[in-house]
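Data block below; observations after.
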Amino acid sequence: MTGQVRTVDGRVAGRRGQATRQKLLDCLSEMLSSSPYRDVKVIDVARKAGTSPATFYQYFPDVEGAVLEIAEEMAKEGAELTELVSGRSWVGKAGWQTAEELVEGFLDFWRRNDAILRVVDLGAAEGDKRFYKIRMKILTSVTNSLSDAVKELQGKGKVDKDVSPGAMAGSLVAMLAAVASHQKGFTTWGVKQAELKPNLALLVHLGITGKKPAK
């Protein structure tokens with residue numbers, strides 16, 4: 001962990017305190033992967049971390065507060081999604097590669113953070129502005145980069161001026177997020193991951209460029 005870590009009452013945590021705090025977060029993350037968010041109790045997190053509820057409350061006001069900490073860290077990692085499209089070419093074979101890498105990156109990010117993203121989606125759907133902001137933090141930067149890509153192509157006369165860059169980029173990112181969170185559901189429909197990725201990349205490429213990809 002970097003920077004100063006403080007307890008709930010404002011004291012700076014020492015090295016051991018930081019390690020304990022991180023262990024509590026790691027144990028909570030693990031529990032979210034196997035238990036419904038509402039069922040996770042402070043006493044269970046503390047027991048799994050080999051400490052007491054009193055120690056948990058030194059670092060977090062409640063389970064939700066700790067979950068928000070995990071979600072904030074995950075959102076920072078989400079910056080890697082922007083790197084997949086920022087400044088990348090959408091022309092020719094390079095455009096197809098960009099679409100493929102964006103899809104791969106999105107699906108992988110959601111798989112790695114599936115448990116916490118489910119909690120974030122739940123909180124956002126229930127109107128909790130804290131979770132909504134975290135969700136939008138992950139998606140907005142990617143949306144802006146894709147919107148810039150459409151504007152650039154329009155400037156070169158490669159995409160129709162009637163296309164709204166913001167609407168197109170936002171629709172594609174919303175689609176990617178929805179598909180990424182539904183990956184297990186596709187297997188129920190008999191769709192394999194190997195089939196999902198290229199078809200999703202095709203939709204992204206068509207949306208950004210308006211053309212079939214040159215492979």
Side-chain angles (χ1 to χ4, degrees), residues 1-84 103-142 173 176-188 193 196:
M1 298 185 67
T2 58
Q4 284 192 339
V5 174
R6 295 184 179 275
T7 59
V8 171
D9 60 8
R11 290 179 291 113
V12 177
R15 187 175 296 177
R16 285 182 62 186
Q18 290 186 42
T20 299
R21 183 180 185 278
Q22 188 58 47
K23 188 171 185 180
L24 286 164
L25 290 174
D26 291 342
C27 289
L28 174 56
S29 292
E30 194 176 325
M31 292 175 74
L32 290 173
S33 298
S34 57
S35 306
Y37 166 53
R38 307 293 190 201
D39 292 349
V40 177
K41 308 299 181 189
V42 168
I43 191 170
D44 298 323
V45 179
R47 185 180 294 127
K48 188 174 182 64
T51 186
S52 66
T55 300
F56 180 97
Y57 286 119
Q58 284 182 18
Y59 301 104
F60 311 104
D62 46 32
V63 170
E64 188 174 76
V67 166
L68 282 164
E69 288 275 347
I70 297 170
E72 286 284 4
E73 284 301 312
M74 179 267 301
K76 290 176 186 175
E77 293 175 19
E80 67 190 51
L81 297 176
T82 309
E83 294 168 8
L84 295 172
V103 166
E104 177 68 45
F106 236 94
L107 297 182
D108 179 61
F109 180 78
W110 246 258
R111 275 196 301 270
R112 284 188 283 116
N113 297 286
D114 177 61
I116 190 66
L117 279 163
R118 276 189 280 111
V119 177
V120 169
D121 283 348
L122 175 63
E126 291 180 343
D128 190 316
K129 291 182 180 178
R130 297 168 302 172
F131 286 113
Y132 175 78
K133 284 180 180 178
I134 289 170
R135 190 175 196 279
M136 291 307 292
K137 185 177 181 180
I138 298 167
L139 302 180
T140 299
S141 55
V142 188
V173 170
L176 284 169
V179 172
S181 65
H182 191 67
Q183 291 181 69
K184 293 176 183 175
F186 278 92
T187 59
T188 306
Q193 278 286 315
L196 177 60

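On a predicted model such as this, the values are computed, not experimentally measured, just so you know. Position 1 is the first residue of the sequence, and the numbers go up from there.
- Within the 4.5 Å cutoff, the side chain of Ile43 has no heavy atoms near those of the Phe56 side chain.
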- Message: Assess the residue pair Phe131 and Leu122 against the criterion (side chain to side chain contact (heavy atoms under 4.5 Å, CB included)); give the C-alpha distance rounded to whole Å, side-chain angles, the decisive distance to 0.1 Å, and a yes or no.
- Response: CA-CA 8 Å; Phe131 286 113; Leu122 175 63; over 6 Å; no
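- Inter-residue side-chain proximity for Ile138 and Leu117 is flagged as met; some heavy-atom pair is nearer than 4.5 Å.
- Contact detail for Ala66 and Leu25: the closest heavy-atom pair is O-CD2, 3.6 Å.
- Pairs passing the side-chain hydrogen bond (donor to acceptor under 3.5 Å, both in side chains) check and including a residue from residues 131-140, sequence neighbours excluded, read Asp121-Arg135.
- No donor-acceptor pair under 3.5 Å is formed between the side chain of Asp108 and the backbone N or O of Glu104.
- Nearest heavy atoms, Ala177 versus Leu139: CB-CD2, 4.2 Å.
- The distance from atom CG of Leu68 to atom CD of Glu73, rounded to the nearest 0.5 Å, is 12.5 Å.
- Remark: side-chain polar atoms of Asn113 are not paired, donor with acceptor, to backbone N or O of Ile116 under 3.5 angstrom.
- Put simply, the side chain of Thr187 never gets that close to the backbone of Gln183: no donor and acceptor are under 3.5 Å apart.
- For Ala46 against Pro53, the heavy-atom pair with the smallest separation is CB-N, 3.6 Å.
- A salt bridge is absent between Glu69 and Lys76: the closest approach of a Lys/Arg side-chain nitrogen to an acidic carboxylate oxygen does not fall below 4.0 angstrom.
- Inter-residue side-chain proximity for Arg21 and Phe60 is flagged as met; some heavy-atom pair is nearer than 4.5 Å.
- Taking 4.5 Å as the limit, some side-chain heavy atom of Phe106 sits within range of a side-chain heavy atom of Val142.
- Atoms CZ and OG, on Arg47 and Ser52 in that order, are 11.5 Å from each other to the nearest 0.5 Å.
- Taking 4.5 Å as the limit, every side-chain heavy atom of Val179 sits out of range of all side-chain heavy atoms of Val103.
- At a threshold of 4.5 Å between non-hydrogen side-chain atoms, the residues Glu77 and Arg112 count as touching.
- Shown here for Ala180 and Leu107, the closest heavy-atom pair between the two residues is CA-CD2, 3.7 Å.
- In this structure, OG in Ser181 is found 13.0 Å from CZ in Arg111, a value given to the nearest 0.5 Å.
- With Ser35 contributing its side chain and Leu32 its backbone, the two residues share no donor-acceptor pair below 3.5 Å.
- Taking the six-membered ring for Trp and thresholds of 30 and 60 degrees, Phe186 and His182 have ring planes more than 60 degrees apart, a perpendicular arrangement.
- Interatomic distance, Met31 CE to Asp39 CG, rounded to the nearest 0.5 Å: 9.5 Å.
- Here the side chains of Val63 and Lys41 are not in contact, with every heavy-atom distance at 4.5 Å or above.
- In this structure, the side chains of Glu64 and Asp128 come closer than 4.5 Å at one or more pairs of heavy atoms.
- Looking only at distances, no side-chain donor or acceptor of Thr55 sits under 3.5 Å from a matching main-chain atom of Thr51.
- Looking at Lys48 and Asp44, no side-chain N of the basic residue comes within less than 4.0 Å of a carboxylate O on the acidic one, giving no salt bridge.
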